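A note on names: the letters A, B, ... follow the listed sequences, proteins ahead of strands, and every chain is numbered from 1. Predicted, not measured: the structure shown is a model, and the values here were computed from it.
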Amino acid sequence: MVLRLYRTGPAVLFGCAVLASLLSGCTRQSVTGDGGSTGVELMYWPSPNAQEVELADTMVMRWNRLHPGIHVRMQPIPVSQSSEEVLLAAIAGKTTPDICSNIWPGALRDYTDAGGLIALDGFADFDSALGSRMPRDLLEAFRSPDGHFYQLPWKTNPVMMYYNIDLFEKAGIDSPPRTYGEYLADARKIALESIRGGQNSVWMGERDIRPIWVQRLFDFYPFYIAASNGRTLFRDGKPDFDTTAAAAVFQFFQDCYRNRFFPRTFFQGGDPFFLGKKATHFAGPWNVAATAKFAPSMRYGVVPLPVPDGHQGPVYTSGDYKNISVFSNTRHPREAWEFAKFLITAEHDLLLLELADQIPVRGDLLKNPVFASYFRKKPVMVKFAEQAPYTRGMDPVPDLKEIFDGFAQVYERCAVFGEESAGQAVQDALRRTELIVEWNR
Amino acid sequence: MRKTIVYGVLAGGAILFGYPFVWMMVGSLKPELDISSLSLLPSSWSLHSYTAVLGKIPLARAFLNSVLVSLATTASVVLFGSMVGYALAKLNFIGRKLLYVLILFTMMIPFQITLIPQYILMVKLGWTDSYLGLVAPSMMSAFGIILFRQFFMAVPQALIEAARIDGCSEVGILVRVIWPLSRPVVLTVGLLTFMTSWNEVLWPMMVVRERSLMTMPQIVALFTIGGEAESQLGPLLAAATMLSLPVIVAYALFQRQFIESMASSGVKG
Amino acid sequence: MNLVRSRRRHDRTGVWLSLPYVIFFLAFVAYPLVFSFVLIFHRWNIITPMEWVGLKNFERLIADPLFYRSLGNTLTFLVIHIPLQIAVALGFALLLNVPLRGRGFFRALYFLPVVVSGVAVTILWQQLYSYDYGVLNGILASVHLPPVPWLVNARMAMPSIAIMATWKNVGIYIVLFLVGLQNIPRELYEAASLDGATAFRQFRHITFPMLNPTVIVIVVLSTIGGFSLFIEPYVLTGGGPMQSTLSGMLYIYNQAFYFGHMGYAAALGFVYALVILGVVLIQKKVIEREPAT
């Protein structure tokens with residue numbers, strides 16, 4: 001008996017293994033095979049954060065009431081990994097929803113390369129649906145290299161400068177800085193004068209100094225877009241930096257670290273902006289709600305990012321765009337497109353503002369009376385609404401993570417530690433980007 | 001005089017290797033503001049760091065996962081290792097030489113070369129985010145087999161012949177004659193495997209993304225770098241203490257066997 | 001006659017007993033090895049289809065500054081770690097070789113860091129090394145010395161990790177040296193004493209040469225360990241500051257799991273494996289050939 005057990009032990013184990021793999025295959029199939037009912041059913045994935053789930057719930061309820069023939073089911077994107085990984089895996093396994101409203105333009109290229117999305121400009125009313133909502137040149141920024149539109153620009157989070165009014169007033173400054181020169185001069189008053197016994201009690205600003213790619217979306221990248229009057233890093237799929245602007249940005253941050261306006265270490269215990277230890281903070285509109293929560297009594301203002309001295313024209317910035325796409329797996333593209341248009345009506349853009357404090361990508365935010373009462377209630381959001389038309393997204397190229405990882409390395413070397421000149425830093429970043437593009441072509 | 005100096009240096013070594021652990025454990029029981037001091041006597045004792053960690057990450061579940069994974073790996077390595085080791089040491093069969101060469105060859109391959117393909121195999125089999133994925137690639141160990149083989153070579157042939165004459169099958173010999181004799185080698189292979197498996201972190205980081213399946217070192221490492229500790233030291237030290245305590249307890253019980261097995265692995269590896 | 005027949009009868013049992021390992025070998029050793037040869041010539045992010053790129057991964061590797069950086073960092077680690085490890089281990093082993101009471105206790109204590117999880121040890125040392133609040137800089141401050149930027153300075157970070165790794169592993173090597181010391185025949189020392197050799201000369205001409213095999217083991221194991229360095233920089237520094245602690249394994253991990261370049265990661269692993277085999281072979285040759293000084 002015992003002997004037989006041992007002899008069959010391995011067979012049993014491997015049997016289990018095979019069984020397990022078969023079972024996992026089965027569950028997958030049951031997911032794809034469930035659109036078999038007679039009426040049209042659409043699966044919609046919104047972002048999994050609480051405000052957006054509430055928003056999606058409301059919109060789906062309204063839709064289902066108005067369209068009894070087209071039933072939409074809502075399920076937040078599974079949270080275990082990043083949205084981008086989940087979506088890519090879904091495309092690979094043909095388990096995508098019909099429509100998703102959490103498409104990051106930085107990953108769009110990976111989805112289209114895998115053939116996962118349908119071109120929305122194929123619908124006859126594409127131009128009329130979007131033309132009324134946003135200015136043409138802004139829309140152009142979302143065109144894919146093959147000339148088609150795979151995304152419906154939906155919402156954005158422009159990065160702007162928050163500043164602590166009390167800290168500025170204490171230093172005798174009555175208006176926030178608009179240029180690098182003003183910023184550095186103010187920093188001298190605010191940060192340098194706070195040094196007691198070799199320790200800063202207040203910093204002008206602070207950034208996570210670790211070479212993590214995503215951090216550069218809140219310092220180098222928006223500053224670069226601002227300094228270059230709205231340029232991004234690529235043109236026609238090739239790296240094409242505004243090297244003067246990029247060098248000015250690196251030089252600016254280098255000055256901030258070298259002069260001890262920014263700390264070179266980590267902060268222990270919470271964001272220093274909320275603790276009143278940092279005079280300026282670069283963030284999107286989500287920070288309004290966070291400040292209300294963590295520092296309810298703080299007096300602060302929001303202004304565009306500082307730009308190089310002598311800058312002409314409006315101040316641009318970057319915004320974390322999240323857009324709407326329809327997947328090529330869908331059996332009902334027409335209905336999915338109708339639902340997509342439903343998500344971006346003025347009524348629902350207002351809901352987006354009210355429930356999530358995020359900025360819809362539309363040209364008439366401050367003119368359309370629909371939104372007026374919201375902006376009266378939250379005047380600080382007007383700043384973000386004014387910034388929104390001057391907001392750029394990510395280039396539609398593959399491997400953006402790796403490219404920004406290169407920027408993170410250069411930022412650390414040049415800005416944080418001052419071990420290379422700003423001009424050299426730009427050259428290094430450009431060469432690294434070209435190499436990555438070359439390798440991955 | 002000379003003795004005093006030797007003892008002095010040895011005591012210095014004891015502080016060097018022991019004090020940090022004591023500091024870690026005491027630190028995990030101190031109030032947050034006391035931790036960075038060198039003193040081992042806190043102003044007050046507090047379990048706050050422990051409740052803070054346990055409230056943030058499912059450590060109890062991770063502990064169970066680690067126990068399950070380590071025990072399964074150890075049982076499998078010992079079982080299969082002794083089977084193959086016995087076959088190599090005492091049986092004559094076609095391909096024996098070749099098998100032995102393959103096993104030696106396996107030990108020589110740096111794991112860097114097979115790591116990514118092994119991960120991809122897990123993806124293809126659909127074993128990522130599963131216990132199977134955590135255990136399967138370490139279910140057998142070439143090194144374990146070699147240790148068993150060496151031990152079994154020294155078992156007197158007469159003993160085996162006697163059992164054969166009694167009508168015992170080869171598997172019967174393995175179970176009734178060889179295993180009862182092999183306590184030392186089972187302990188060596190078992191302890192080594194258990195310890196390696198308990199402390200393994202690279203492989204779990206590759207195949208498991210699902211929190212409820214994470215092993216203890218993995219979840220503690222991610223807790224440390226993921227910012228969930230909110231730059232507080234206490235919860236980190238508490239997590240590190242909980243992670244090391246099971247092994248320290250096992251070590252206290254089997255100290256001699258631990259050291260001897262590591263020594264034998266070093267000499268032969 | 002009887003024996004031959006019985007042997008033949010048992011042939012198949014041997015095959016059956018080995019079968020699980022053969023299956024395991026095919027699945028988890030042979031297949032990955034073969035697949036590695038396929039993968040290194042492809043670009044693949046697991047999701048889209050594999051794409052043949054010929055030698056492009058290797059062209060990229062040759063031009064990749066981070067590959068050289070990770071090799072150089074590993075070298076820095078080894079150059080500090082190996083001599084330090086041998087010196088500390090040999091020192092303590094010589095002391096523990098003196099017949100004294102409580103030897104077992106000290107040996108057990110020195111061995112403790114070996115068994116504890118690398119993650120726990122790393123968290124512990126993160127606190128010891130912390131610039132502002134760390135225990136080590138606290139000790140320095142108490143004797144009026146300036147703080148050392150253990151992990152925040154690009155030149156100090158890798159040496160700091162090497163010191164930590166030595167602290168963690170030295171227990172094994174103390175034990176190995178003790179085994180080596182006990183295997184040296186007494187008669188050699190007795191003969192040398194008769195010749196009037198001093199203790200130092202005895203160490204130089206008997207002890208150290210006789211420990212040569214142990215030294216080879218230590219050098220080889222430390223080298224393999226150095227090339228596998230992963231969790232320490234992953235937790236302590238994330239590879240920074242300025243890539244100074246980017247280890248080979250960490251770079252492979254980043255390429256595979258952050259950037260999704262499975263083919264390139266496999267190529268890196270392949271080249272690293274060749275480097276490891278080469279380095280270990282050279283080390284063995286050099287140490288074995290070294291004349292008994």
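Only the side chain of B:Tyr251 comes within less than 4.5 Å of a heavy atom in chain C; its backbone stays farther off. With a threshold of 4.5 angstrom between heavy atoms, C:Val114 approaches chain B through its backbone and through its side chain. When heavy atoms are compared at a cutoff of 4.5 Å, B:Val201 approaches chain C solely by way of its side chain, counted from C-beta outward. Contacts of B:Ile259 with chain C are made by both backbone and side-chain atoms, with heavy-atom separations under 4.5 Å. Looking at C:Val170, only its side chain comes within 4.5 Å of chain B, counting heavy atoms on both sides. Contacts of C:Ile276 with chain B are made by side-chain atoms alone, with heavy-atom separations under 4.5 Å and no backbone atom involved. Of the atoms belonging to B:Ile145, it is side-chain heavy atoms, and not backbone ones, that fall under 4.5 Å from chain C. Residue contact with chain C, scored on non-hydrogen atoms closer than 4.5 Å, involves the side chain of B:Leu99 exclusively. Interface remark: B:Met25 contributes no atoms to any contact with chain C (heavy atom separation under 4.5 Å). Residue B:Gln118 touches chain C through both its backbone and its side chain, counting heavy-atom pairs closer than 4.5 Å. Of the atoms belonging to C:Phe111, heavy atoms from both backbone and side chain fall under 4.5 Å from chain B. Interface remark: B:Ala239 contributes no atoms to any contact with chain C (heavy atom separation under 4.5 Å). For C:Met249, the part lying near chain B is the side chain, with the backbone staying farther off; criterion is any non-hydrogen pair under 4.5 Å.
Ring pair C:Trp125/B:Phe21: centre-to-centre distance not below 6.0 Å. Taking the six-membered ring for Trp, C:Phe257 and B:Tyr119 have ring centres closer than 6.0 Å.
Counting heavy-atom pairs closer than 4.5 Å to chain C, the top-ranked of the candidates B:Lys124, B:Met242, B:Met216, B:Arg256 is B:Lys124. Put simply, of C:Tyr173, C:Phe227, C:Tyr31, C:Phe105, the one with the most heavy-atom pairs under 4.5 Å next to chain B is C:Tyr31. Between chain C and the residues B:Ala142, B:Ala14, B:Ala87, B:Gly18, the largest count of heavy-atom pairs under 4.5 Å involves B:Ala14. Between chain B and the options C:Ala108, C:Gly91, C:Gly104, heavy-atom pairs under 4.5 Å are most frequent for C:Ala108. Most heavy-atom pairs under 4.5 Å with chain B: of the set C:Leu124, C:Val175, C:Val235, this distinction falls to C:Leu124. Contacts with chain C were tallied for B:Ile120, B:Leu16, B:Thr196; B:Ile120 has the most, counting heavy-atom pairs under 4.5 Å. Of the listed residues (B:Met24, B:Glu200, B:Met205), the greatest number of heavy-atom pairs within a distance under 4.5 Å of chain C belongs to B:Met205. Counting heavy-atom pairs closer than 4.5 Å to chain C, the top-ranked of the candidates B:Ala250, B:Gly81, B:Pro117 is B:Pro117. Options B:Pro217, B:Gly95, B:Pro110 differ in how many heavy-atom pairs under 4.5 Å they form with chain C, and the most are formed by B:Pro110. Per-residue counts of heavy-atom pairs under 4.5 Å with chain B were compared for C:Ile231, C:Leu100, C:Leu39, C:Ile252; the largest is that of C:Leu100. Counting heavy-atom pairs closer than 4.5 Å to chain B, the top-ranked of the candidates C:Tyr21, C:Phe35, C:Phe270 is C:Tyr21. Among C:Ala266, C:Ser228, C:Ala256, the residue with the largest count of heavy-atom pairs under 4.5 Å with chain B is C:Ser228.
Residues C:Val29 and B:Ile109 share a closest heavy-atom pair of CG1-CD1, 3.8 Å. Across every non-hydrogen atom of C:Trp167 and B:Pro20, the tightest pair is CZ2-CG, 3.8 Å. Between B:Pro137 and C:Phe24, the closest heavy-atom pair is O-CZ, 3.3 Å. Closest of all the heavy-atom pairs between C:Ala120 and B:Leu243 is N-CD2, 3.8 Å. B:Ser244 approaches C:Val116 most closely through the heavy-atom pair CB-CG1, 3.4 Å. The minimum heavy-atom distance linking B:Met140 with C:Pro20 is given by the pair CE-O, 3.3 Å.
Considering OG1 of C:Thr13 and CG of B:Asn92, their distance stands at 11.5 Å, rounded to 0.5 Å. Here the straight-line distance linking atom CG of B:Leu245 with atom OG of C:Ser117 works out to 12.5 Å at 0.5 Å rounding. Separating the CG atom in B:Leu91 from the CZ atom in C:Arg12 is a distance of 14.0 Å, to the nearest 0.5 Å.
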| Chi angles and distances behind the side chain to side chain contact (heavy atoms under 4.5 Å, CB included) call for C:Phe92, B:Phe17 | CA-CA 12 Å; C:Phe92 278 117; B:Phe17 293 103; 4.0 Å; yes
| field | Residue pair C:Arg107, B:Gln255: steps toward the side chain to side chain contact (heavy atoms under 4.5 Å, CB included) verdict | value | CA-CA 10 Å; C:Arg107 189 184 65 164; B:Gln255 180 250 111; 4.3 Å; yes
| task | Under the side chain to side chain contact (heavy atoms under 4.5 Å, CB included) rule, what do B:Leu88 and C:Leu17 come out as? Steps first, then yes or no, please. | result | CA-CA 9 Å; B:Leu88 285 175; C:Leu17 286 177; over 6 Å; no
| task | Just do the side chain to side chain contact (heavy atoms under 4.5 Å, CB included) check on C:Phe28 and B:Met139 with the steps written out, would you? | result | CA-CA 10 Å; C:Phe28 296 111; B:Met139 266 176 64; over 6 Å; no
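At distances below 3.5 Å, at least one donor-acceptor pair connects side-chain atoms of C:Tyr110 with backbone N or O atoms of B:Leu10. No donor-acceptor pair closer than 3.5 Å links the side chain of B:Asn199 to the backbone N or O of C:Gly118.
A heavy-atom distance below 4.5 Å is not found between the side chains of B:Ile113 and C:Tyr272. Contact annotation: the side chain of C:Leu33 approaches that of B:Thr114 to within less than 4.5 Å [non-hydrogen atoms, C-beta and beyond].
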